[in-house]
Number of protein chains: 2
Amino acid sequence: MATAALDTHELIALSLLAEGPLYGYAISQRARSRSSGDVTLTPGVLYPLLKRLEKGGLILGEWDEVKSERAAGDAPGRRRKWYRLTPRGAKRLHAQAEAHRAHARMVEAFLTAPEGSA
Amino acid sequence: MATAALDTHELIALSLLAEGPLYGYAISQRARSRSSGDVTLTPGVLYPLLKRLEKGGLILGEWDEVKSERAAGDAPGRRRKWYRLTPRGAKRLHAQAEAHRAHARMVEAFLTAPEGSA
DNA sequence: ACAGATATGTTGACATCCGATATATTGACA
DNA sequence: TGTCAATATATCGGATGTCAACATATCTGT
C-alpha cells in the first residue's frame with residue numbers, strides 16, 4: 001500500500017468491463033450514470049487509461065465498424081473499439097478491489113483514532 | 001469528487017495533528033506505527049506536504065530548539081518544527097474525511113455492481 | 001570515535017489528472 | 001438541405017503528487 005490512491009479510474013473501468021465488453025464512450029457514460037454524475041471520465045483520462053490497460057494485458061480491444069442505415073456502401077462508418085477483460089485483468093480487478101478496501105480501512109483507522117494511541 | 005485520490009497523505013497528517021501538535025518526523029513515525037508499517041511518509045512526501053498545508057493555512061508551524069545535555073552553551077542544537085492544526089485545518093479535516101467516505105462508498109458501488117444495472 | 005537514530009530539507013525522474021483541442025460520424029429537427 | 005447536438009475516438013501541455021536518492025546536521029549509546 002504505502003501510498004494510496006490505487007487508481008480509482010482503473011478500478012472503475014475494470015469493474016464495468018467485468019460485466020461484459022464495452023467501448024470507451026460507453027464506459028464513460030456508465031461511470032457517470034452509475035455514480036450519479038460524480039465520476040466523469042473525460043477523454044483525456046479515459047483513452048490513456050484504456051491504452052495503459054491494454055498495453056498491460058489487462059483488457060483486450062477489438063475494432064468494430066458501425067454502419068448507418070442511410071450511409072453510402074463504401075462509407076467508413078463510425079469506429080468503436082470494444083474492450084473485454086482478460087483473465088489477468090479479472091485477477092487485477094479482484095486484487096485492486098481488496099487493496100481499495102484495505103486502504104479505506106486504513107484511512108478509517110486514522111480518522112477514528114482512539115485518543116490515547118501513539 | 002469526479003476524480004479520486006483525495007490526498008490520503010494530507011488526510012493522515014491532518015488527522016494526526018488533530019490529536020495535538022507534532023513535528024514532521026513524529027508524524028512520519030506515528031503514521032508508520034499506527035498503520036502497522038503500511039504508510040511510509042518519506043521526506044520527499046512529508047516535507048512538501050507540510051509546506052503545502054502551512055501555505056494553505058491549514059496548519060501552523062513553529063520552530064523549537066532542542067538543547068542536548070552535553071552540548072556547548074552556544075551550540076545550535078537540533079531543530080524541530082512543531083505543527084498544529086488551525087481551525088481551518090480542522091474544518092478541512094472533517095470535509096476530507098467525509099469526502100473519503102463518500103469516495104469509498106462510490107467505489108464500493110462499482111464493485112458490488114447489481115448485475116442488471118446500466 | 002563511531003554508528004545509528006533523529007530531524008529537516010531538496011532534486012529529478014516519472015505518472016496521473018484534466019482542460020483544451022482535434023477529427024469524424026450519426027441522428028434529430030427545421 | 002442545413003445545422004446542431006450527441007456519439008466516438010484521440011492527443012497535447014500544464015499542473016500536481018510520488019518516490020528514491022541525495023544532502024546536511026544533531027543526538028545517543030557503546
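Naming convention: chains lettered A, B, ... in sequence-line order (proteins, then strands); numbering from 1 in each chain.
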**Asked** Rounded to the Å, how far apart are A:Arg32 CZ and D:dT7 C1'?
**Response** 14 Å

**Message:** Just the rounded figure in Å: distance from C1' of D:dG17 to CG of B:Leu53.
**Reply:** 13 Å

**Set of residues satisfying salt bridge (Lys or Arg N to Asp or Glu O under 4.0 Å) with respect to B:Glu54, sequence neighbours excluded** = B:Lys81

**Message:** Between A:Arg84 and A:Glu19 (salt bridge meaning N to carboxylate O under 4.0 Å), is one present in this structure?
**Reply:** no

**Message:** Rounded at 0.5 Å granularity, tell me how far CG in B:Asp64 sits from OH in B:Tyr23.
**Reply:** 10.0 Å

**Fill in**
Interatomic distance, OH@A:Tyr47 vs CD1@A:Ile27, rounded to 0.5 Å, equals 8.5 Å

**SB check A:Arg52 A:Glu10 (cutoff 4.0 Å)** = no

**Request:** Let me have a per-nucleotide readout for nucleotides 3-16 of chain C, 5' to 3', with B, S or -, counting only protein heavy atoms under 4.0 Å.
**Result:** --BBSBBB-----S

